[in-house]
Amino acid sequence: MAFAPSPIPSRTQYVLDAIKHGILTGQLVPGQALVEAELAARFGVSKTPVREALKTLAGTGLVVMSQYKGVTVREVDATMAREVYDVRLLLEPEALRRTVGRGAALEAAREALERADTADDQAERSLANRDFHRSLYAPCGNPLLCRMLDEVRDQAALVSAVGWQVVASWEREAAEHREILRLALDGDAAGAARALYDHIASFVRRAYPDEDGPGADLEGTPASGLGNDHIGSNGHRGHDGSGGAR
């Protein structure tokens with residue numbers, strides 16, 4: 001007999017959503033300590049829902065639990081960024097190609113673009129950007145493919161939020177989004193997929209430049225690189241000595 005997973009209690013879900021929102025909008029910065037007692041007081045709950053929320057966020061890769069440092073917002077290092085964007089480059093354009101091929105409605109993508117254009121701050125734009133990308137792959141017709149992309153969605157948003165601190169490229173990306181949607185609405189599945197691939201890869205090249213990285217393997221797309229550094233809470237690059245790359 002199969003058992004469905006237990007639903008997350010409402011207080012835990014409330015705390016989880018609030019912390020996730022703070023991380024993805026830059027209000028809680030990479031490397032920042034997340035202290036159970038402080039968060040419990042802030043949200044007016046006991047430590048238990050805070051502890052459970054942090055465990056869930058650790059599972060999604062947004063926070064790190066350490067025996068010595070406690071719980072902190074995950075820092076965007078080279079290896080993490082490369083892994084996340086490799087997955088996106090491999091899966092997201094194909095998902096969009098399938099979405100367009102199925103003739104799926106893309107009204108949600110149009111609405112997300114409008115929200116981004118009228119956003120009052122970076123937080124709203126970041127959330128709208130996240131919703132835009134999901135609205136392109138969610139109707140792909142393959143629930144497993146969608147879930148796989150959902151699993152890296154939060155980490156991708158964190159990588160983007162940190163990258164935007166270094167390279168402010170909202171207007172350029174908004175123009176790329178409009179072109180991707182135009183191609184998709186025209187029924188050009190291959191063109192929309194290529195434009196989406198180039199969009200993702202070009203962000204990596206701008207925000208995390210180096211010699212090698214994701215973006216080199218799709219039909220001659222120029223290589224995009226990720227450096228051996230990481231970006232901390234102050235938005236500045238620092239060398240992590242790992243030899244990895246974003």
Lys/Arg-Asp/Glu bridge criterion (N-O < 4.0 Å) met for [X], [Y]:
X: R110; Y: E114; value: no
X: E36; Y: K47; value: no
X: R182; Y: D188; value: no

Any donor-acceptor pair under 3.5 Å linking the side chain of [X] with the backbone of [Y]?
X: E151; Y: M148; result: no
X: Q155; Y: T60; result: yes
X: R102; Y: P139; result: yes
X: S160; Y: S126; result: no

For a quick test of reading the model, state the closest non-hydrogen atom pair linking [X] to [Y] and the distance between them.
X: A119; Y: R125; result: CB-CG, 3.3 Å
X: A193; Y: R97; result: CB-CB, 4.1 Å
X: D154; Y: L24; result: O-CD2, 3.4 Å
X: C146; Y: R134; result: SG-NH2, 3.7 Å
X: C140; Y: A95; result: CB-O, 3.3 Å
X: L106; Y: L136; result: CD2-CD2, 4.3 Å

### Task
Using side-chain contact (heavy atoms from CB on, under 4.5 Å) as the criterion, point out the one residue from I19, L57, V64, L34 that pairs with V73.
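Passing option: L34.
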How long is the span from the [atom1] atom in [X] to the [atom2] atom in [Y], to the nearest 0.5 Å?
X: L28; Y: K20; atom1: CG; atom2: NZ; result: 13.5 Å
X: L16; Y: E52; atom1: CG; atom2: CD; result: 10.5 Å
X: I180; Y: F132; atom1: CD1; atom2: CZ; result: 5.5 Å

### Task
Would you please classify the geometry between the H199 ring and the H133 ring as parallel, tilted or perpendicular, with 30° and 60° separating the classes?
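Answer is parallel, since the angle falls under 30°.
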### Message
On the six-membered ring of Y85, is R88 placed so that its NZ or CZ lies under 6.0 angstrom from the centre and within 45° of the ring axis?
### Response
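Yes, a cation-pi geometry.
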